[in-house]
Amino acid sequence: MDPTERALASALDGPLPGDPAAGDRETFGLAELAERTGVSTTLLEALVREGLLVGSSDAYTQADVEAVTAGLALLEAGVPLSEMLALAREHDEAMRRLADRAVDLFARYVRDPIRGTAADDAEAAERMVAALHGMLPAADSVVAHHFRRRLLAAAKDRLADGPAPPVP
Amino acid sequence: MRPAAPPRTLQVRTTPIADPGNLLARLPADTPVAWVRDGDGLVGWGEAARIEVGTGTDRFPRAQERLDELFSSATVADEVGEPGTGPVAFGSFTFDAQREGSVLVVPQVVLGRRDGRAWLTRVEGRDTPLPDPRPLPGPGRVRYAGASIPEVRWMEAVEEVAAAVADGALAKVVLARDLRVWSTEAFDVRTLARRLGDRFADCFTFVCDGFVGATPELLLRRSGARVESLPLAGSARRGRDADDDEAVGSALLASSKDRCEHEPAVSSVAEVLRSRCDELTVDEEPWLLRLANVMHLATRVTGTLGEAVPSLVLAGALHPTAAVCGTPTADAMAWIRRLEGMDRGRYSGPVGWTDARGDGEWGVALRCAEVDGAKARLFAGAGVVAESLPEAELEETRLKLRAMQSAFEG
């Protein structure tokens, strides 16, 4: 990696805008995550294998605890675990493709122009990290907002359509 | 449990009839029974006789004895003389020999069709006309009411079994789970059977004593001296499109994990039949059986019996196959009893029919539901071997459950 890439790699390891406060950055392993969420390690290991619990295996944080707990709340409403996992797989597949595309766009339209126009490595590194810090929360916001709107629209469409056709 | 019908002398008459159209559409509400594939087969109604089979490892030969008594004293006029003519008993048996619930029913009327020939059998001879086919009201709103054990517990059971298999304690265990469905009105098994027959035409749609389903798996068909079985084990989803389906199919054929599941299922069937057959043919390689929502590895086993063993007794000797229990059988059964946390009822047991000559068709009851008024239990299972992952097995059972769920949802 060149100096600007090293700076980017270091920035990606955090802290990043939108990350929890210093106190919540404590990391722990899977067994501890199971403890804190009350979820079986069997299930957590399955989530890891499926790529649904993303991140390095010994560095789970409070954010992961909150995400798993949120997942549990969905289950409590009565949707079977098997159905949630199937939906999560489809969601993950779509997300992977989008994430790859987004990184591709960053490389082409942000990183490469910065390298081409920066006076030196230090300026390139600074501008690259600033771009990352600006774009990440923006991406979060756009994706979350859009998904929420899509979900609400789908629910309203379904109400308007009446009874659903048989599911294959 | 209903009281057994008193023993009586059956007066049976089978006559050829003009094509009656959709067999399942003819079923009245009165104790329907059915065994239909690709539109052909048998349907019946009324109860001329009923045998509560009871429990025990000898329940199949004992049930056959009671049928023999009943049929041998019958007066029969059979103008057609095919498998499934004359007096016929429909049966459904519990998976676990220790569990109650196995039953044989001789309907009062049977309507049959095979290869363009149709017939009508009446027991006790009242010449009432055939009921007209008519559409049925849909069921009330369906509500899912959970499973006997939480899904994560089932996943933990898969993990425990996979570890035991990896340790060499045993070779395979099939673990099943259930899904409860409730409604505001009593379920009509005829509606469910019609939908299954329409959507899964290449499966055997069956109805027997409140037990309904559409199974792809033929346990045993006997026609004269010819016997046939189609063990299935090893599954995958269907593809999202033709290319994906091709790829999924190739992967399944190449999957050593699925072969490990499949081979014991085939050899357990071949072993039982080989000792009773003069000749036996087993497909050299498994092939893909594609159904609407899943695909399976399949191997056909055919043979010629050396002795006249009734189809019900053969089905009993084959049950349980490694496709629904595991290997070794007794060890797998012990694991199932310890870990499944539920009664399988008649799921994965033999279901089908036999006539008085011992010809018959028996399937392994898969893709099915035990229906009781406005409540039903659906079932699905998966074969667990060393490489099994809990989430993958859970997903396999989800796909299998969807087949029955779609029949309940409309």
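Per chain, numbering begins at 1; letters A, B, ... match sequence-line order. As the structure is a computational prediction, the values presented were derived from the model and not from experiment.
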| note | Value for OG1 (A:T41) from CD (B:E159), rounded to nearest 0.5 Å, stands at 6.5 Å
| request: Would you please test B:M155 and A:L43 for side chain to side chain contact (heavy atoms under 4.5 Å, CB included) and show each step? | output: CA-CA 8 Å; B:M155 289 171 75; A:L43 178 53; 4.0 Å; yes
| field | Residue, of B:L389, B:T397, B:L401, B:L399, that accumulates the most heavy atom pairs under 4.5 Å with chain A | value | B:L389
| said: What part of B:E156 gets within 4.5 angstrom of chain A, counting heavy atoms only: side chain, backbone, both, or neither? | reply: both
| remark: Here the gap from B:E151 atom CD to A:M84 atom CE, rounded to the nearest 0.5 Å, amounts to 11.0 Å
| Do other residues, nucleotides or ligands put more than 12 heavy atoms under 6.0 Å from A:E123 CD? | yes
| query | Would you call A:R89 and B:E391 a side-chain contact if the rule is heavy atoms closer than 4.5 Å? | reply | yes
| message | Using a 6.0 Å cut-off, check whether atom CZ of B:R338 has over 12 heavy atoms from anything other than its own residue. | response | yes
| query | Which bit of A:L81 is near chain B, if near means a heavy-atom gap under 4.5 Å: side chain, backbone, both or neither? | reply | both
| Would you say B:D372 has more than 12 foreign heavy atoms packed within less than 6.0 Å of its CG? | no
| Side chains of A:S82 and B:R177: does their closest heavy-atom pair fall under 4.5 Å? | yes
| message | With a 6.0 Å cut-off (strictly less than), is the heavy-atom count around CD of A:E5, excluding the residue itself, greater than 12? | response | yes
| message | Please classify the contact of A:E45 with chain B as side chain, backbone, both or neither, using a heavy-atom distance under 4.5 Å. | response | side chain
| said: Take a 6.0 Å sphere around CD of B:E246 and say whether it holds more than 12 heavy atoms from other residues, nucleotides or ligands. | reply: no
